[in-house]
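See below for the structure under consideration.
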Amino acid sequence: MKRNYTFILLLVCAFASAQNINDVLRLSGESSYGTARFQGLNGAFGALGGDLSSLNINPAGSAVFNNSLLSLTGSNYNVKNDAAYFNSGSSTSLNSVDLNQIGGVFVFKSTNSSTPWRKVALAFNYDLIKSFDDDLFVTGNSNQGIDNYFLDLANGVPFGPLLIQDDEFIEEAYLDIGSNLGFVDQQAFLGYYGGIIDPVDFSDDNNTDYISNAKYSNVNQNYSQSSSGYNSKFTANLASQYGDNLYLGASMNIHSVFLDKLTQLTERGFDADSEIQTITFDNFLRTQGSGFSFSVGAIGKLNETFRIGGSYQSPTWYRLSDETSQRINSDLADSDISFINFNIINVFEDYTIKIPAKLTGSLAIIFAQDGLISFDYGYQDMSKAELRPGSDASFASENNFISDKLSTVSTFRLGGEYRIQALSLRAGYRFEQSPYANGGTIGDLNGYSGGIGYNFGGSRLDLSYNYATQDINKQLYDVGLPTPASITNKNSVVSLGYTLNF
């Protein structure tokens with residue numbers, strides 16, 4: 001009897017669909033998560049400081065604290081995706097709850113009146129900078145079936161090396177082809193034994209032309225994508241106040257990444273004379289790894305009313321590993337096709353993603369004890385993002401694609417706070433420019449926030465609501481199905497935070 005067991009084999013990084021511009025964009029940008037006060041002002045804290053999550057914008061912010069404190073924040077996340085695809089619409093939503101921020105700062109004031117260094121602050125903070133929890137469903141009657149995906153990849157691939165050898169299991173052949181010939185040949189193998197495509201000439205091992213076994217003018221597609229995971233950041237920060245008007249700081253940041261993503265496609269509604277009436281094609285991706293970055297910044301008091309700030313966020317270097325697995329079936333699939341399943345795992349060689357550096361300039365207006373208005377402007381050149389090693393031909397090609405497609409990103413954050421004795425009312429706005437040069441594949445992001453806080457003296461309780469929306473044109477697969485689904489992504493976050501002074 002045929003055995004079903006797990007294979008794990010290194011797969012060469014040739015045209016790995018899990019390692020491309022989408023990974024760069026997934027890891028770029030930071031959502032306005034953090035403390036509830038930070039979210040209430042939509043992250044406009046570059047010239048303010050005095051909040052643990054403000055260290056994500058300007059590491060000089062911890063020197064603004066007058067005393068030591070601890071802070072923690074929990075949030076409820078709601079993600080809603082409205083999708084339009086070939087004149088059909090669908091909508092999905094997902095709720096999750098997480099402890100997204102916890103940290104503390106220790107302030108040491110100078111007792112030497114002759115030194116201009118008034119105090120030193122040492123801070124440690126954990127922030128969830130991006131949640132990957134998401135749920136998407138796309139449905140429609142398309143003239144572009146999944147057979148085009150396999151045809152686009154298979155055409156040009158010799159047929160002979162795809163054939164299963166004597167006494168070889170189908171799953172062994174699948175992994176062996178992926179390891180030795182690469183992703184493209186592996187997908188050609190999957191399309192052939194999945195019954196989706198056939199060679200034009202079975203008798204010619206050098207055949208490189210393929211045809212589809214599916215007949216349709218339009219085919220009904222149901223596509224779902226579910227993901228979970230996070231990009232988090234642990235920050236170790238040191239900052240100091242020099243004189244009465246200058247704050248300087250630096251941070252080291254350790255990033256942690258984990259992602260599970262499952263995509264499932266079902267096609268039905270083929271022509272009546274088509275030998276194929278149903279196709280299913282599922283893909284699972286697991287990405288995990290870590291990253292490192294550092295930042296430096298300064299805040300200056302021009303007078304009692306105006307503050308300015310500036311910071312530099314270094315490139316973030318992520319070291320990542322990918323595991324992928326697949327399932328396929330159709331009316332013409334090989335009888336053993338079920339043995340290629342999610343227990344058969346492709347393990348890719350580790351790779352690196354560089355997210356470019358970011359510059360931020362900030363201005364704040366302080367109205368004594370009555371409140372404040374704060375503005376941040378961020379600049380990042382996403383065309384300089386890179387996949388490495390650059391010696392990999394597919395990565396070099398993808399880096400050229402990234403350089404051509406992506407552009408500079410400007411981010412604006414505006415926040416305000418109004419105080420009525422112990423009560424604080426907050427509101428904010430965020431605009432983030434599309435990373436694409438054409439502005440179309442991913443649209444501009446617009447976000448709005450509001451919040452309330454109450455200071456008990458020795459502690460503070462904060463509540464915030466944050467909403468952001470962005471339009472995305474998403475191709476279901478990288479090749480073969482060029483018409484994208486139009487997605488409107490809406491994120492709502494309700495956060496409750498507690499701060500204890502000591």
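Just so you know, residue 1 is the first one in the sequence shown, and it goes up from there.
Between the Asp334 side chain and the Asp336 main chain, a donor and an acceptor come within less than 3.5 Å of each other. Between the side chain of Gln165 and the backbone N or O of Leu163, at least one donor-acceptor pair lies under 3.5 Å. Here the side chain of Thr360 pairs no donor or acceptor atom with the backbone of Ser311 at under 3.5 angstrom. Distance alone, capped at 3.5 Å, places no donor-acceptor pair between the Ser410 side chain and the Gln433 backbone. A distance-only check finds a donor-acceptor pair linking the side chain of Glu398 to the backbone of Ile21 [under 3.5 Å].
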Report the C-alpha separation of Ile345 and Arg286 in whole Å, then their side-chain angles, then the decisive distance to 0.1 Å, and conclude whether the side-chain contact (heavy atoms from CB on, under 4.5 Å) test is met.
CA-CA 10 Å; Ile345 303 171; Arg286 170 165 291 173; over 6 Å; no

Just do the side-chain hydrogen bond (donor to acceptor under 3.5 Å, both in side chains) check on Gln470 and Glu432 with the steps written out, would you?
CA-CA 10 Å; Gln470 188 172 38; Glu432 185 173 306; 5.5 Å; no

Between Leu476 and Tyr85, is a side-chain contact (heavy atoms from CB on, under 4.5 Å) present by the stated rule, with each step listed?
CA-CA 10 Å; Leu476 304 190; Tyr85 185 61; 3.7 Å; yes

Apply ring pair (Phe, Tyr, Trp, His ring centres under 6.0 Å) to residues Tyr174 and Tyr193 and explain how you reach the verdict.
CA-CA 10 Å; Tyr174 166 79; Tyr193 283 97; over 10 Å; no

Could you go through the side-chain hydrogen bond (donor to acceptor under 3.5 Å, both in side chains) check for Tyr429 and Asn446 one step at a time?
CA-CA 8 Å; Tyr429 170 74; Asn446 286 275; 2.5 Å; yes

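Defined by atom type and a distance below 3.5 Å, a donor-acceptor pair is missing between the side-chain atoms of Asp134 and Gln225. No donor-acceptor contact under 3.5 angstrom links the side chains of Tyr318 and Asp23, judged on distance only. Looking at Asn237 and Ser251, their side chains do bring a donor and an acceptor atom within 3.5 Å of each other.
Here Phe150 and Phe281 bring their ring centres to under 6.0 angstrom of each other.
Across Pro59 and Val296, no two heavy atoms sit closer than the pair CG-C, 3.5 Å. For the pair Ser96 and Asp133, the tightest heavy-atom approach, listed with the atom from each and the gap, is OG-OD2, 3.4 Å.
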Can you give the donor-acceptor pairs under 3.5 Å from side chains of residues 208-217 to other protein atoms, not counting sequence neighbours?
residue, atom, partner, partner atom, Å
Tyr210, OH, Val157, O, 2.8
Tyr210, OH, Phe159, N, 3.4
Ser212, OG, Asp147, OD2, 2.7
Ser212, OG, Ala214, N, 3.0
Ser212, OG, Ala214, O, 3.4
Asn213, ND2, Gly195, O, 3.0
Asn213, ND2, Asp198, OD2, 3.2
Tyr216, OH, Gly145, N, 2.9
Tyr216, OH, Asp147, OD1, 2.7
Tyr216, OH, Asp147, OD2, 3.4
Tyr216, OH, Asn148, ND2, 3.4

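Under the salt bridge (Lys or Arg N to Asp or Glu O under 4.0 Å) criterion, the residue pairs touching residues 77-88 are Asp82-Lys490, with sequence neighbours excluded.
For the side chain to side chain contact (heavy atoms under 4.5 Å, CB included) with Met382, the lone residue among Thr408, Ile402, Val24 that qualifies is Val24. None of Ile353, Asn400, Leu387, Thr352 except one satisfies the side chain to side chain contact (heavy atoms under 4.5 Å, CB included) rule with Phe395; the exception is Leu387.
Partners of Ser495 by side chain to side chain donor-acceptor pair (under 3.5 Å), not counting sequence neighbours, listed by chain and number: Gln39, Ser75.
The aromatic rings of Tyr477 and Tyr223 stand perpendicular to each other, their planes meeting at an angle above 60°, with 30° marking the opposite boundary. Aromatic ring pairs are classed by plane angle as parallel below 30°, tilted from 30° to 60° and perpendicular above 60°; the pair Phe412 and Tyr377 is tilted.
A salt bridge is absent between Asp376 and Arg413; no separation between the charged side-chain nitrogens and carboxylate oxygens falls under 4.0 Å.
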